[in-house]
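Let me begin by presenting the structure, written as structure tokens, before commenting on it.
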There are 2 protein chains.
Amino acid sequence: MRKEYDKMDIGLLHLENKKVILKLIKHENEISRSAIAKKSGLTPPTITRIVNDLILNDKLVERLGLGDSSGGRPPLIVKFKNTSNHVIGIDLGATYIRGCLVDLNANFISEIQVPTELEKGFESIVEKIVAIVAKLRKRKGPDEKIWGIGIGVAGLVNSETGIIESSPDFGWSNIDLRKELDKRLDLPFFYDNSTRLMALGELKMGIRENQKNFVVINIGYGIASGIVAEGNLLKGYNGFAGEFGHISVDPDSDVQCKCGMYGCLEALASGHRIASLGIQELENNRSEMLKELSGGNKDLITAELVANAALKGDKTSLEIFDKIAEYLCKGIGVIANLLNPETVYIGGGISLNEGLLFKLIEEKKKKYLLQSNLKVQILPATHGDQATSIGAVALILNKIMNLELR
Amino acid sequence: MRKEYDKMDIGLLHLENKKVILKLIKHENEISRSAIAKKSGLTPPTITRIVNDLILNDKLVERLGLGDSSGGRPPLIVKFKNTSNHVIGIDLGATYIRGCLVDLNANFISEIQVPTELEKGFESIVEKIVAIVAKLRKRKGPDEKIWGIGIGVAGLVNSETGIIESSPDFGWSNIDLRKELDKRLDLPFFYDNSTRLMALGELKMGIRENQKNFVVINIGYGIASGIVAEGNLLKGYNGFAGEFGHISVDPDSDVQCKCGMYGCLEALASGHRIASLGIQELENNRSEMLKELSGGNKDLITAELVANAALKGDKTSLEIFDKIAEYLCKGIGVIANLLNPETVYIGGGISLNEGLLFKLIEEKKKKYLLQSNLKVQILPATHGDQATSIGAVALILNKIMNLELR
DNA sequence: TTTTTAAATATATTAAAATAACTTTCATAA
DNA sequence: TTATGAAAGTTATTTTAATATATTTAAAAA
């Protein structure tokens, strides 16, 4: 990247124009050279030269054939070559490691999932990543290219050094994943925090293009968020931006969070909390449904099980979700009033249960959002449980589109 | 500005390099052509040509003389021409309108303050702005140039249309200030929300350069904030970003905010609240000092008076500030944990009382900030009660440095 | 005084895009 | 059926702004 006081030269000028043309072709999918000229302001000869370069050297564009004439020579249509160009995305979670091979339009070619088996240690996890990559590489055709590997890690990643500074999920601190993977992978790879990647996926490959202000909330066993503001994915001064789980939503609460503070959203509204409230209700014998579904075994009570009970109409479980939604709404209120996003996406395990949570939040949001912010849309994350994988893919796709990869 | 799919051409290339050189000269203040070459990567001939252009045409750079030789021809030093280039900054507040004439290094040449007199209406306010500008223009020398006028408005400004969509302070909605001022001013002028401008001033003209993540909290009769994240001043989807005053810090509070919600930071910790708590204590006869300072007249009790009492050691007033600091700290905790800023600046009337508030916040912050965010610095706004004016100047200076003004 | 070194400038060259002229191809209409 | 014109794309030339190289200027070191 060009630094603050770096010159602009003719090479960068050319690169900029090449990027403009590539992005236009990807955006329009099918387009003629003369249409590119109109949209970009570049002249036809320049476009011919650059498009040919993209076809012959970068192999990111292909000729499609003739388009319809409108009273003259019919246009030669070119197309973004999404097939035969692939990316590997990896979601490195505490319970599963998931890998996927996708084309540049995010169509899944192949997918693999293996248990993480944390107890076997860091070395074993590296091994599993390498094995997944090797397997996925076999699933591509002979003339097809894999541009790189994106990895979403459940932990704090320093984007400068590549060091995983800390990961409560894995129990890691100061792990140099880059160094280890460098030895074992011969493809370009990049990684970042998994929730941040969910936001990147939403930014680059979400349902709406050109959204510049939104937040992705990831609710699993913990609660985190990825924030996009003015089109930028926020990292913050030390890379900690997005710690949505540790804003206080009930200062008088006696539930202590892992972080030591009281009343954190994560302590009050995470998957863990749903399960523990469920267990409490089971022990107090307040729900027949929970008893039935778990067979009375409290170890079998999970957030998912409580959600199922609620969906089946269990009043106690519904009350739990009502409470959770109330807390989440307070948190969303804070984020909405502070950042004025266009959309708040909710992802992670909790968002998969058919709209129960969204219905509750929709009912409650009036209480916590400024009148002027009520228009904010609260939606499930576009890519569901593949959100991190897609985000990891977006990390690579972004570099391809910026011509940073060969 | 260049749009997403717009070409880059050789004119823009040249403009970019001109900007690089201008910014380098301003940043270094005094620098030789060959040093510019080293820092920018541009070659000496190019630099000579562009620097001469900046000296002769733009008049933003001047020759200073010879520097020290280090064994060869001594360098010809050039300098950013801050004197004889001026900007007018205007702080349009509900009680006062303040105008200042400053040079491009933010040195004050002249300053004017007039009461706003809201009751005389919009037309009268426009008149006052025009009069301030006319007066300030007379205070510049004959060969000196005023580049433009920046205006900070206490209200929500739509930066696309220039419409002031709403301003509780002025009781305005959908006011087209641009249209009115266009008729009366023959200098380029731009305006934005005053708190956002405080943040812009901190970004472009603050004590630290190159801070990319920070927040400015403006505590006056209301509470607002300006957020800079990844080097960008946040506006949000509808331009509402920064409504820090309306995050809930005490959901159980029975103090209702003007916005209709309960427990808003603005309702609990603004200048208004400090005064109203002071009045309450006076009426309950709990403070001799407040009684003495106000002569028993509750209409004379202001936030400033309570602050003075606290500084003189009045226990009741200290308790008020303690409570206020507690609420503010909760709010700062939310912002710090969510955005991971490097610094949180506090400005507005409340920040002027000699560090009392900062001492209290420093003591309390452990309770509300994640361990990893405790390093965040909480400081008074660099430019004190001139923060909005300086921000308004920064708005223009920014355009000058981007060569958007002639 | 001569040589060396650094800074600035003058002149020639280069890279990339713009311009202009030209070819190809088809729709339309005489 | 065949001119005609318009749109798409190509080729050749020009323009622009930067770079490379050579030259001039000026002071420090030999």
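Lettering of chains follows the sequences in order, A, B, ..., and the numbering in each one begins at 1.
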Compare the minimum distances between each of [options] and the side chain of [X], then state the nucleotide with the smallest one.
{"X": "A/Arg73", "options": "D/dT10, C/dA8, D/dA7", "value": "D/dA7"}
{"X": "A/Pro74", "options": "C/dA8, C/dC26, C/dA17", "value": "C/dC26"}
{"X": "B/Pro75", "options": "C/dA18, D/dA17, C/dA8", "value": "C/dA8"}
{"X": "A/Ser70", "options": "C/dA8, D/dA7, C/dA18", "value": "D/dA7"}
{"X": "B/Ile10", "options": "D/dG9, D/dA17, C/dC26", "value": "D/dA17"}

| field | 5' precedence on DNA chain D between A/Asn52 and B/Leu13 (nearest-nucleotide basis) | value |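 Its nearest nucleotide being more 5', the pick is A/Asn52.
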| said: Please compare A/Lys38 and B/Lys18 by the position of their nearest nucleotide in DNA chain D and report the one closer to 5'. | reply: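 In this pair, the answer is A/Lys38.
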Do the side-chain N or O atoms of [X] get closer than 4.0 angstrom to the phosphate oxygens (OP1, OP2) of [N]?
{"X": "A/Arg33", "N": "D/dA7", "result": "no"}
{"X": "A/Asn17", "N": "C/dA16", "result": "no"}
{"X": "B/Ser69", "N": "C/dT5", "result": "no"}
{"X": "A/His14", "N": "C/dA15", "result": "no"}

| When B/His86 is tested against each of B/Glu144, B/Lys140, B/Lys145 for side chain to side chain donor-acceptor pair (under 3.5 Å), which residue passes? |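 Single pass found, and it is B/Glu144.
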Quick one: label [X] by what it contacts on the DNA or RNA (base, sugar-phosphate, nothing), any heavy atom closer than 4.0 Å.
{"X": "B/Pro45", "value": "base"}
{"X": "B/Leu76", "value": "sugar-phosphate"}
{"X": "B/Thr46", "value": "base"}
{"X": "A/Thr43", "value": "base"}

Could you tell me how far apart [X] ([atom1]) and [N] ([atom2]) are, to the nearest whole angstrom?
{"X": "B/Ile47", "N": "D/dT19", "atom1": "CD1", "atom2": "C1'", "result": "12 Å"}
{"X": "A/Asp6", "N": "D/dA18", "atom1": "CG", "atom2": "P", "result": "15 Å"}
{"X": "B/Leu42", "N": "C/dA8", "atom1": "CG", "atom2": "C1'", "result": "15 Å"}
{"X": "B/Lys7", "N": "D/dT16", "atom1": "NZ", "atom2": "C1'", "result": "13 Å"}
{"X": "B/Arg49", "N": "C/dT11", "atom1": "CZ", "atom2": "C1'", "result": "13 Å"}
{"X": "A/Ile50", "N": "D/dT10", "atom1": "CD1", "atom2": "C1'", "result": "15 Å"}
{"X": "A/Ile55", "N": "D/dG9", "atom1": "CD1", "atom2": "C1'", "result": "13 Å"}
{"X": "A/Leu15", "N": "C/dA15", "atom1": "CG", "atom2": "P", "result": "17 Å"}

| If you take all heavy atoms of B/Ile25 and B/Phe80, which pair is closest and at what distance? |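 Residues B/Ile25 and B/Phe80, closest heavy atoms: CG2-N, 3.4 Å.
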| For A/Tyr5, what residues pass the side chain to side chain contact (heavy atoms under 4.5 Å, CB included) criterion, not counting sequence neighbours? |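 Result, side chain to side chain contact (heavy atoms under 4.5 Å, CB included) vs A/Tyr5: B/Lys23, B/Leu24, B/His27.
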| Inter-residue atom distance B/Leu200.CG - B/Asp192.CG, 0.5 Å rounding |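 Reported to 0.5 Å precision, the distance equals 8.0 Å.
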| Salt bridge flag under 4.0 Å for residues B/Glu16 and B/Arg2 |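 Result for this pair is no, no salt bridge flagged.
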| request: Please tell me if the side chains of B/Asn213 and B/Asn340 come closer than 4.5 Å, counting only heavy atoms from C-beta onward. | output: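 No; the side chains remain at least 4.5 Å from each other.
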